[in-house]
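Beneath this line is the structure, given in structure tokens, with notes to follow.
Chain identifiers are assigned alphabetically (A, B, ...) following the order of the sequence lines, protein sequences preceding nucleic acid strands; residue numbering begins at 1 within each chain. The structure displayed is predicted, hence computed values, not measured ones.
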There are 2 protein chains.
Amino acid sequence: MLLAPMESDAIMPDTTVRDRRPDAEKKGRKASKEVRRQQLIDATIDSLARRGYAETTLADVADGAGLSRGIVNFHFESKEKLLVATLQFMAEEYAAHWRAAFDKAGDDPARQLWALCAADFDRAVCSRRKLAAWCAFWGEAKSRPTYQALCGSRDQTYQNVLVDICTRLRNQGNYAIEPRATALAINAMLEGLWLRLMMGTEEVSRETAFAAAAEMLSATFPKHFAREAGGKIKPA
Amino acid sequence: MLLAPMESDAIMPDTTVRDRRPDAEKKGRKASKEVRRQQLIDATIDSLARRGYAETTLADVADGAGLSRGIVNFHFESKEKLLVATLQFMAEEYAAHWRAAFDKAGDDPARQLWALCAADFDRAVCSRRKLAAWCAFWGEAKSRPTYQALCGSRDQTYQNVLVDICTRLRNQGNYAIEPRATALAINAMLEGLWLRLMMGTEEVSRETAFAAAAEMLSATFPKHFAREAGGKIKPA
DNA sequence: TCATTTTGAATGAATGTTCAACAAACGCGG
DNA sequence: CCGCGTTTGTTGAACATTCATTCAAAATGA
């Protein structure tokens, strides 16, 4: 699905697609079923962001989707399954997003690293409601193995890619770094910036967060990320 | 350095102090009351770590403390108040901890920064159960102003201290950094490492986390944090 | 008509809170 | 040191509420 030209962030209005396209869109019930599931997942993300994990109820989700109470247990078997499906959706969306950015960056490790950092602060995955939903799941992850596994979407694969990039950059620039530790530090910093964005109390915006990440890249790999005239950092 | 001589992490056994020191310790009921409150707060942290925020119930807290059901509503007014008191305790403990480390570090900004990072991975505040409890609160913070305020214990003050340290280091070493962005990056990295430690799926330990932090300090301020013979990084 | 989807009320379990009774410690006059 | 009433702390059952789940009936579309 790549870079998401779609703006999947707004709350979908409850006018179902089924209503306006009586025959072209639905292809029987199969399509409708998928639409409903996605609609409920979106409503779940909204509820998580608005009320937190503990206060998220099926009634609130159903209301948010403009549907009736028992609907969730029909399309998903239980509340638990709905939440897992929601987390799964977010994990897949995030993974597809960074992977697309990575593939588009070509072979240059500096451009690859830059692209990964930029992707993390892209509106498509870094909206207020999605960050809040992520954090809601993080809070429960330790006590639920299923969540814990899915929360590792920024997982071993991502970490390995970072280690590889750091190794190549070190070889190119003769930096005195330890690639594994550096990759871990970068990864942690990106997650930490997400966390601060989510808390949202301060004057931290997506732009300042990205600037902080760029600052660190420039400090670590000065030959690859240099400061321009205006003070902004760009890949060399 | 200052790797926590104290080990305040174990669960306090429920033999109340009151029992064995009939007159010296209690000074009436006042002391007992405080002891009970702390006992319940400890049990709350345990429950949060073991079952997550959503599944933490007053019955579980009471059982964990070895006391009866209605007890919480006597010492705290409500479940909400208990949770706020718990978060408050953790916030104050954390703030006192980094502040003590900072004060003990003297005037050298490099030693100060090193001490702050080390303090973050000290057993006293960075145990599995405390990290899990923190994360449980983070998950609910966005939707609860009270939590949000308290979760900012690593807050503006801490951030200001970091900015100040970064500024002084830059002046000492003529680094081409932007202190505010660098401080934000360091702060975020520390939080992100906490998050990864909490998830705990991987091979990340307190030691490797601290090594990652050191790696970043060394990259950002190479004149102040140098690699020793063994590969380990130390303040110059 | 038949299969599928949706509804909304009924159900039952979980849980925060209240409260009346009980226990322990204290104050105090003897 | 000894009763004895009072205050303080504790218990566990009762209560009320919230909420996930179930399901029979209605609506919808093929």
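- Residue B/Gln39 contributes atom CD, which lies 9 Å from atom P of D/dT10 at whole-angstrom precision.
- Between the CD atom of B/Glu55 and the P atom of C/dT15 there is a distance of 7 Å, given to the nearest Å.
- OP1 or OP2 of D/dG9 has at least one side-chain nitrogen or oxygen of B/Lys33 nearer than 4.0 Å.
- Computed from coordinates, the B/Leu83 CG to C/dT15 C1' distance equals 14 Å when rounded to whole Å.
- The listed nucleotides are D/dT11, C/dT7, C/dT17; the one nearest the side chain of A/Ser68 is C/dT7.
- A straight line from CZ of B/Phe76 to P of C/dT18 spans 16 Å, rounded to a whole angstrom.
- With respect to the salt-bridge test (charged N to carboxylate O, under 4.0 angstrom), the residues A/Glu55 and B/Arg144 qualify.
- Ranking C/dT5, C/dT17, D/dT22 by closeness to the A/Asn73 side chain, first place goes to D/dT22.
- Salt bridge A/Arg50/A/Asp60: present, at least one basic N to carboxylate O contact under 4.0 Å.
- Residues A/Trp138 and B/Tyr53 keep their aromatic ring centres 6.0 Å or farther apart.
- Between A/Thr57 and A/Val61 the shortest side-chain heavy-atom distance does not fall below 4.5 Å.
- Out of C/dT17, C/dT15, C/dG8, the shortest distance to the side chain of B/Ser78 is found at C/dT17.
- Comparing D/dG12, C/dG16, D/dA20 by their closest approach to the side chain of A/Thr57 singles out D/dA20.
- For A/His75, taking side-chain heavy atoms from C-beta onward, the closest of the listed nucleotides C/dT6, D/dT10, D/dA20 is C/dT6.
- OP1 or OP2 of D/dT10 sits under 4.0 Å from a side-chain N or O of B/Arg36.
- Following rounding to the nearest Å, A/Lys79 (NZ) and D/dC19 (C1') show an atom-to-atom distance of 8 Å.
- Closest to the side chain of A/Leu58, from the set C/dT6, C/dG16, D/dT21, is D/dT21.
- One can place CG of A/Leu40 at 15 Å from C1' of D/dA20, the figure rounded to the nearest angstrom.
- Distance B/Asp63 CG to D/dT10 P: 16 Å, rounded to the nearest Å.
- A salt bridge links B/Asp63 and B/Arg69; the closest N-O separation between the charged side-chain nitrogens and carboxylate oxygens is under 4.0 Å.
- Minimum atom distance to the side chain of A/Ile71 is reached by C/dT6, of the listed D/dC19, C/dG16, C/dT6.
- In this structure, the CG atom of A/Leu67 is 14 Å from the C1' atom of D/dA27, given to the nearest Å.
- Taking only side-chain atoms of B/Phe74, from C-beta outward, the nucleotide of D/dG9, C/dT7, D/dA20 with the closest atom is D/dG9.
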